[in-house]
Amino acid sequence: MNAFIVLKFGGTSVSTRARWANIAAVARERLREGPVLIVVSALSGMTDRLKALAEAPTEPTSIEIIRQRHLAMANELQVSPECLNPIWSEFDRALEELQRQPGPSAQAALLACGELLSSALGAAFLNREGLATTWRDARQYLCSQAAEHDSEWARFLSAQCVPTLQASVASQWAEESPLSITQGFIARGARGGTVVLGRGGSDTSASYFGALLGASRVEIWTDVPGMFSANPKQVPNARLLRELDYDEAQEIATTGAKVLHPRAINPVREARVPLWIKDTERPELAGTVIGPEVATQRLSVKAVSMRAGITLVSMESIGMWQQVGFLADVFERFKRHGLSVDLISSAETNVTVSLDPSENLLDQRTLTALCEDLAQVCRVKVIAPCVAITLVGRGMRAMMHRLSEVLADIGARRVQLISQSSNNLNLTFVIDASDADGIVERLHRQLVKAGLIGAPGDAVFGPPWNVLLDKAPPPRAQWWRAQREALLALAASTPAYVYAASRIDAAIASVLSIGADRSFYAIKANAHPAVLARIAAGGIGMECVSLGELEHLRAALPELPPERILFTPNFAPRAEYAAALQRGVHVTVDSLYPLQAWPELFAGRAILLRFDLGRGVGHHDKVKTGGGRSKFGLLASEAMLARTAAAAAGATIVGLHAHLGSGETDPNHWRDVYAQLASLAEQFPSVRILDLGGGMGVPYANDDDDLDIDELRASLAHVRTLFAPYEIWIEPGRYLVADGGVLLTRVTQVRRKGDITQVGVDTGMHHLLRPALYDAWHPISNLTRSEEQPAVLCDVVGPICESSDVLGRDRWLANPCEGDVLLIANAGAYGAVMSSHYNLRAPALEVFSDAL
Ligand code: LLP
């Protein structure tokens with residue numbers, strides 16, 4: 001006899017005739033492989049209705065709605081409603097019992113009717129479709145086992161079974177009829193009667209039957225096409241996980257993924273039965289296979305998950321340091337209140353644990369009782385609401401060195417607890433719920449960039465969810481694709497930075513649309529004379545940070561009046577302030593020192609003061625310029641000292657300034673800076689300008705966020721109405737020039753080393769430092785062969801004797817050959833200006849093109 005295949009269909013999969021037709025089709029196909037057992041949930045929404053009815057068992061409308069819903073379904077399926085009669089009798093008995101003796105036992109009997117009804121309808125329909133189907137009562141085969149400390153609630157309403165292989169049942173069923181249908185969610189109590197398995201119990205039932213029948217596999221048919229590297233609702237480009245071993249799947253299910261109930265894995269793991277997750281709507285998709293084989297030896301993070309509703313209990317010992325038995329004392333109390341502890345972190349005199357609401361029936365009363373009880377042995381503090389963010393992957397500890405960005409991001413929030421599972425499969429951070437907005441998406445993106453999720457060639461990762469469902473945004477338009485011929489002509493001599501006038505013009509228009517009163521271009525981003533001329537002609541002023549930049553600007557644009565120049569130095573020597581003030585440009589002072597040490601320079605001058613608003617923002621820690629030990633800006637607590645020092649020097653403070661970092665894409669950032677500066681300005685009656693800095697980010701990778709300029713404009717306009725209206729200045733650098741610049745380089749060598757192709761080029765970290773310094777990601781394309789498919793996976797490397805001289809790792813290029821021209825995009829900002837002569841290599845050319 002061939003082994004059984006168990007197919008499980010959830011509530012939405014059994015609620016329409018079309019879905020039942022689909023079940024019939026799947027069953028028919030599987031019957032070619034062997035006997036089949038179908039496990040079904042109640043019609044969708046029915047368990048909730050039955051639950052409500054169990055609370056108010058005499059509610060006639062609820063009873064009627066339940067009856068009518070099933071009768072309508074029978075009608076839709078064109079089966080006789082009589083097939084439901086035996087179950088209606090059971091339903092009535094359960095209702096009577098609930099009125100006579102309410103409690104978990106009677107509730108379970110009522111809840112079970114949902115699955116009994118749907119499976120009876122299903123059996124009738126399948127028979128009608130010509131598939132001879134035997135209806136089986138799951139309670140005859142699954143018997144619950146109560147654990148010692150299980151409450152009555154757990155015994156009846158969250159029951160567990162320990163099924164073992166019963167080969168005789170399998171062969172008897174197969175003999176009777178190749179197709180059977182039964183109920184998910186329900187079982188027989190240890191002392192008879194009906195029990196239910198708790199939320200998600202139908203998945204668990206399917207696993208139980210898989211183990212009991214020694215099935216060749218269990219297929220869970222649901223409404224998503226598998227398990228993903230994050231919840232697709234939060235991360236639309238989360239990657240399909242093609243294969244998982246039981247342990248990883250268990251971690252992912254336990255730590256937040258809703259697609260499979262965590263209890264469903266253990267029974268199949270014990271029995272070594274593979275479990276598939278399939279999409280009812282799209283049966284052609286492969287889905288996820290969870291099985292006994294470890295799919296890959298490659299280190300990767302399989303998923304980032306998030307659980308909300310986490311409560312932490314922090315317990316401080318009031319006895320002696322390292323008091324013997326403290327842990328035993330506190331844990332005994334959790335057991336007494338029937339609460340299971342999830343995460344633990346401990347110190348000499350403190351232990352903090354998390355209670356997971358999915359495992360605990362955590363109401364305020366239970367929590368209060370627990371705390372009162374704990375207060376006898378320790379000082380208790382409850383920290384809630386929190387969320388737990390978990391990274392799941394086999395061998396987590398070995399990946400720590402690649403998690404620096406992730407750790408930095410999480411570290412910027414209020415982390416209440418960190419836990420690394422002893423099985424080395426997960427790393428969990430518990431943070432305040434208020435800090436959790438958007439964090440899963442950010443972490444997922446960082447993990448992709450770090451090559452820990454979905455590295456090219458890692459077969460575990462399938463297509464992104466939005467690609468599978470045809471919902472992916474179209475690839476970002478890349479202007480240079482349409483300019484291939486012109487760019488190849490400009491690449492006669494490489495390496496060369498090429499700047500496109502039309503792209504810079506578009507960025508100028510966008511910056512002007514923000515509605516600031518004045519904009520100054522931070523020339524440190526790109527100081528090419530033609531770039532400066534273009535931006536100045538567009539009506540934007542210039543911001544410099546050194547005397548060198550001021551002089552360069554004077555040489556490039558001798559006519560530019562000092563009124564349109566802003567000087568914002570940091571730790572510059574006295575002479576630079578003196579020269580700038582003498583030229584009559586606007587000057588920003590960012591510490592007390594210049595005012596106190598060189599007051600004579602500032603006599604009679606109007607100045608701006610730069611503040612550190614206590615936090616930094618930006619694409620990388622190294623570009624954050626506020627908070628912590630940042631070397632920029634005055635502390636808010638120094639405001640009065642600065643005012644006194646300026647007054648003593650005879651200077652007038654006309655503006656306040658803050659630039660907190662670079663590469664920010666939250667449009668509300670500048671609004672928040674305005675609000676903070678405006679409240680600081682209450683201490684400076686002479687202030688009329690608020691300079692909100694630069695920092696406007698641009699997308700580099702296809703899935704990077706775009707800065708929404710319309711929202712930025714709207715949020716600034718709004719905040720202005722809330723405070724006294726100040727003149728707004730901004731100082732964007734990157735935003736004006738990043739996209740308009742590309743770096744053209746020629747392939748010098750191509751070779752295979754081990755299993756990777758290395759493509760050498762005539763540029764490197766000496767011309768474009770960003771990848772080496774910030775792990776920045778720039779698109780790279782083979783311009784020579786841009787009409788061919790990118791089919792070779794390579795590392796693009798430079799000629800510098802440093803192992804960080806890598807411009808891009810794991811990139812797909814169209815067959816790179818010596819002499820081909822590669823294009824590195826988004827290189828207009830912080831490219832040529834940051835280059836060096838390292839290894840005494842010559843600089844790259846810079847070409848400004850009016851025609852592009
Ligand atoms: N204002 C001040 C005072 C600044 O320090 C900066 C940049 C800007 C404005 C312009 O910021 P932007 O709009 O370009 O973000 N090399 C790094 C960026 C360093 C930015 C330094 N300060 C990178 O390549 O990402």
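If you're wondering where the values come from, they're calculated on a predicted model, not measured in any experiment. Order of listing sets the numbers, starting from 1, for every ligand and every atom in it.
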Check your understanding: Thinking salt bridges, do D704 and K449 make one under a 4.0 Å N-O criterion?
Key ->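 Between K449 and D704 there is a salt bridge, with a charged N closer than 4.0 Å to a carboxylate O.
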
**Study point:** Interfacing atoms of ligand 1 (cut-off 4.0 Å, heavy-atom, A522)
**Key:**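 Listed by number with element, the hits are 8 (C), 9 (C), 10 (C).
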
Review point. Which of the listed options, H659, H657, E543, holds the heavy atom that is closest to atom 11 (O) of ligand 1?
Key: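 Of the listed residues, H659 has the closest heavy atom.
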
Review point. Is it the side chain (CB and beyond), the backbone, both or neither of F632 that lies under 4.0 Å from ligand 1, heavy atoms counted?
Key: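 Neither part.
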
**Study point:** A525-ligand 1 polar pair, N/O distance under 3.5 Å
**Key:**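 No.
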
**Study point:** Closest candidate by heavy atom, reference atom 3 (C) of ligand 1, pool E731, R734, R770
**Key:**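 Residue with the shortest heavy-atom distance to the ligand atom: E731.
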
Check your understanding: If you count the non-hydrogen atoms of other residues, nucleotides and ligands that lie under 6.0 Å from CD in E600, is the total more than 12?
Key ->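 For E600, atom CD is crowded (more than 12 foreign heavy atoms under 6.0 Å).
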
**Study point:** Any N/O pair T568/ligand 1 closer than 3.5 Å
**Key:**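 T568 vs ligand 1: no N/O contact under 3.5 Å.
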
Practice item. For R610, take its heavy atoms, then give the atoms of ligand 1 lying under 4.0 Å from any of them. Key: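 So the atoms of ligand 1 that pass are 3 (C).
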
Check your understanding: Less than 4.0 Å between a side-chain N and a carboxylate O, is that true for R445 and D705?
Key ->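 Between R445 and D705 there is a salt bridge, with a charged N closer than 4.0 Å to a carboxylate O.
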
Exercise for review: Compute the minimum heavy-atom distance from G693 to ligand 1 and say whether it is under 4.0 Å.
Suggested key: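 Outside the 4.0 Å threshold, so no.
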
Exercise for review: With heavy atoms of M834 as the reference, note each atom of ligand 1 found under 4.0 Å away.
Suggested key: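 Heavy-atom distances to M834 below 4.0 Å select 16 (N).
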
Review point. Do the numbers put R809 on top of the ring of W777, so that NZ or CZ is under 6.0 Å from the six-membered ring centre and no more than 45° off the axis?
Key: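 No, R809 does not sit over the ring of W777.
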
Check your understanding: Which ligand 1 atoms are under 4.0 Å away from a heavy-atom of S662?
Key ->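 The list of qualifying atoms is 12 (P), 14 (O), 15 (O), 18 (C), 20 (C).
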
**Study point:** Ionic contact status for D775 with R770, cut-off 4.0 Å
**Key:**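 Answer for the salt bridge query: no.
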
Exercise for review: Check the surroundings of atom CZ in R554: do more than 12 heavy atoms from other residues, nucleotides or ligands lie under 6.0 Å from it?
Suggested key: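 No, because the 6.0 Å sphere around CZ of R554 holds 12 heavy atoms or fewer from other groups.
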
